[in-house]
Number of protein chains: 2
Amino acid sequence: MNVTSMDVARVAKVSQATVSRVLNDNPNVSEEKRAAVLAAMEAVGYRPNVLAQGLRMRKTATIGVVVAGITNPFYPEALEAVGKQLERAGQRMVLWDSDRGGEEAALDAVQQGLVDGVIFTSVSEGSGTLDEALRLKAPIVLLNRGSINASCDQVTSNNFEGAAEAARYLYQIGHRRIGLLGGPLAARTARDRMDGFLHGLRELGQPVPDELICDALFTHEGGRMGVQELLDLDDPPTAVFCVNDFSAFGAVDGAREAGLDVPLQLSVVGYDDVAMAAWRSYQLTTVSQQLDAMSGRAVELLLRRVGRHEAPVRHDHFSGALVIRNTTAPPASQA
Amino acid sequence: MNVTSMDVARVAKVSQATVSRVLNDNPNVSEEKRAAVLAAMEAVGYRPNVLAQGLRMRKTATIGVVVAGITNPFYPEALEAVGKQLERAGQRMVLWDSDRGGEEAALDAVQQGLVDGVIFTSVSEGSGTLDEALRLKAPIVLLNRGSINASCDQVTSNNFEGAAEAARYLYQIGHRRIGLLGGPLAARTARDRMDGFLHGLRELGQPVPDELICDALFTHEGGRMGVQELLDLDDPPTAVFCVNDFSAFGAVDGAREAGLDVPLQLSVVGYDDVAMAAWRSYQLTTVSQQLDAMSGRAVELLLRRVGRHEAPVRHDHFSGALVIRNTTAPPASQA
DNA sequence: CTGAAAGCGCTTACAG
DNA sequence: CTGAAAGCGCTTACAG
């Protein structure tokens with residue numbers, strides 16, 4: 001903030017332009033001058049002012065990321081994956097949480113030139129501001145949270161198919177009364193998983209009655225309350241599919257609180273395959289997502305768009321895989 | 001990035017300076033002009049360029065935060081707490097992970113004027129770069145990770161005392177052979193908790209033999225490996241204190257994998273009181289930190305320092321509290 | 001190869 | 001109250 005390229009120029013006895021040239025690896029600098037500049041930089045402890053560079057170059061080498069509730073264990077993993085890619089690409093990351101107005105803030109930031117682009121891992125469907133930013137050609141990609149309306153790059157799991165597979169699996173091991181713990185309908189991810197699950201069961205001639213469908217809000221507490229509601233039914237389900245792992249942990253915990261054994265008295269399946277899912281105390285059956293590959297793609301698409309805005313819109317799907325662990329078993333009646 | 005204050009000036013038929021004045025709520029603007037400018041801004045969809053403002057004002061309203069392994073459930077909670085405070089103060093947050101060179105990067109960023117200050121929730125003791133940044137008056141505060149050497153604002157829990165209390169509690173309910181699952185010695189937090197624990201037991205005439213001390217690396221996997229090592233001893237401990245919750249979950253899981261009942265055959269206590277600690281499947285006995293208060297203080301200290309660099313250095317301590325749940329019980333021999 | 005100069009988009013004394 | 005102008009720290013044509 002203190003020593004500028006001008007100072008360096010002074011001690012190196014060259015023009016400020018030359019300092020800038022060596023900074024930018026411009027070949028048009030003689031070896032002597034380059035050496036002198038490098039030495040001077042070292043001597044005075046020069047750090048280029050990133051703001052000034054950004055103002056001049058119209059880019060900042062920083063990318064915004066918005067998550068929805070960082071306390072959901074899915075997000076730290078997503079941030080780690082995205083962060084790794086961003087770091088590799090020499091980009092910084094600024095973080096927003098949509099639980100605290102992050103969506104708007106991020107959109108503002110791209111338009112203010114503070115970040116070169118943003119990755120949304122959460123979008124409220126039909127937000128006018130997103131559409132507007134897109135119209136203004138702001139580089140934006142949606143990761144793990146698609147949107148039908150928005151015409152921008154999107155990378156998602158095949159949530160519908162993954163959930164359908166989970167449905168088939170539960171049916172196949174003998175369950176006939178299966179509950180669904182859904183997520184916020186504003187989230188396309190939640191809707192796709194719910195739809196896929198419902199579809200899978202319907203195809204097997206096993207439609208899910210309304211009483212077996214609860215909203216678990218994507219959270220542990222939601223999952224916990226959700227199962228308890230289901231368990232209070234006159235004819236409770238023998239298995240429950242949760243729209244994400246976070247709420248599935250809640251469902252397992254809720255069932256255990258009610259004194260049930262998981263999976264012997266209730267099977268639970270989640271979605272995401274977060275690291276915790278493999279922990280001994282849960283060993284959750286779930287659907288895994290290719291988070292690293294997805295994050296890599298998202299960063300790649302975004303950076304491409306930061307370069308040339310006119311690239312055609314892409315929508316990439318990655319497949320998921322059912323990971324069978326120990327929260328699922330045939331229903332007690334069959335055991 | 002496109003429409004500038006010049007454009008606004010043009011349509012409002014005023015000078016660019018006047019546009020800037022209304023932007024900055026300068027009282028010296030007539031009501032008519034102000035209205036005209038506001039209308040023009042609206043009409044052209046103006047967003048001030050934050051980079052230019054930052055360059056001029058020498059501040060950016062963004063704060064850097066560095067965490068050590070965002071996958072540790074403590075960090076999302078810390079980020080949420082810090083983020084809430086930052087948001088309230090109108091500051092943005094850029095995030096770095098020290099697992100991927102974030103410490104250096106953040107230090108660079110303050111000096112490049114990219115962020116106004118940085119909150120470290122992780123510092124490698126004796127990093128020369130930190131000292132250098134401090135000498136250059138960079139606004140820096142250490143949150144939850146003190147350092148004896150660094151002369152900068154620090155806000156920490158009273159880790160030594162909290163750990164000593166955990167030790168006393170285990171002794172008091174009857175344990176005499178107690179293991180310690182430590183963390184990286186480079187982290188002052190880990191050292192203080194280890195020291196406090198060891199001290200507490202020593203005072204009770206119950207020094208901990210070396211064979212009962214393992215490093216659990218602050219991670220789930222570390223905790224899991226750590227207990228297994230302890231459990232393989234000829235005379236295994238009946239209780240174990242873990243230096244953070246993340247590794248304590250691992251310890252519980254490791255014990256369960258070994259077929260032990262927690263707490264009947266092994267008591268486990270953690271540190272942090274992360275949300276998960278209260279979940280049914282763990283119900284971990286642990287030491288809570290006043291994370292919200294600590295985060296608030298850290299932000300406050302940092303912002304104060306961003307304003308006037310010469311404020312005297314402060315080092316604030318917050319007390320912790322033992323939270324007794326269900327991973328602790330008297331040893332089997334006494335039950 | 002190198003320097004003087006313009007300009008990125010703002011803010012803020014400085015004169016009216 | 002208001003405008004013209006300087007300057008924040010860079011990059012990059014433009015002339016040599």
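None of the values given here were measured: they were computed from a predicted structure. Order of the sequence lines sets the chain letters (A, B, ...), proteins ahead of strands, with each chain counted from 1.
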Shortest side-chain distance from A:Gln16, nucleotide among C:dC8, D:dC10, D:dG3: D:dC10

Between D:dC1 and D:dA5 - P atom distance, rounded Å: 23 Å

Return the pairing partner of D:dA13 with a 3.5 Å limit on both distances, Watson-Crick or G-U wobble; otherwise return none. none

Under 4.0 Å from OP1 or OP2 of D:dT11: is there any side-chain N or O of A:Gln53 that close? yes

Is the phosphate of C:dG9, meaning OP1 or OP2, less than 4.0 Å from a side-chain N or O of A:Arg58? yes

Under-4.0 Å side-chain N/O to phosphate OP1/OP2 contact, A:Ser15 with C:dA4: no

Counting just side-chain N and O atoms, does B:Asn49 come under 4.0 Å of either OP1 or OP2 of C:dC10? no

Of the candidates D:dG3, C:dG9, C:dT2, the side chain of A:Thr18 sits closest to C:dT2

Below 4.0 Å: OP1/OP2 of C:dG9 and any side-chain N or O of B:Ser20: no

Record whether the side chain of B:Arg21 comes under 3.5 Å of the base of D:dG3 through a donor-acceptor pair of N or O atoms. yes

Most 5' of B:Asn28 and B:Met57 on DNA chain D, judged by nearest nucleotide: B:Asn28

Proximal nucleotide (of C:dG3, C:dT11, D:dT2) relative to the A:Ala17 side chain: C:dG3

With a 4.0 Å cut-off on heavy atoms, is B:Asn26 in touch with a base, just the backbone sugar-phosphate, or nothing at all? nothing

Strictly below 4.0 Å: does B:Thr4 bring a side-chain N or O up to OP1 or OP2 of C:dG9? no

Closest listed nucleotide, where the reference is the side chain of A:Arg56 and the choices are D:dT11, C:dC10, C:dA4: D:dT11

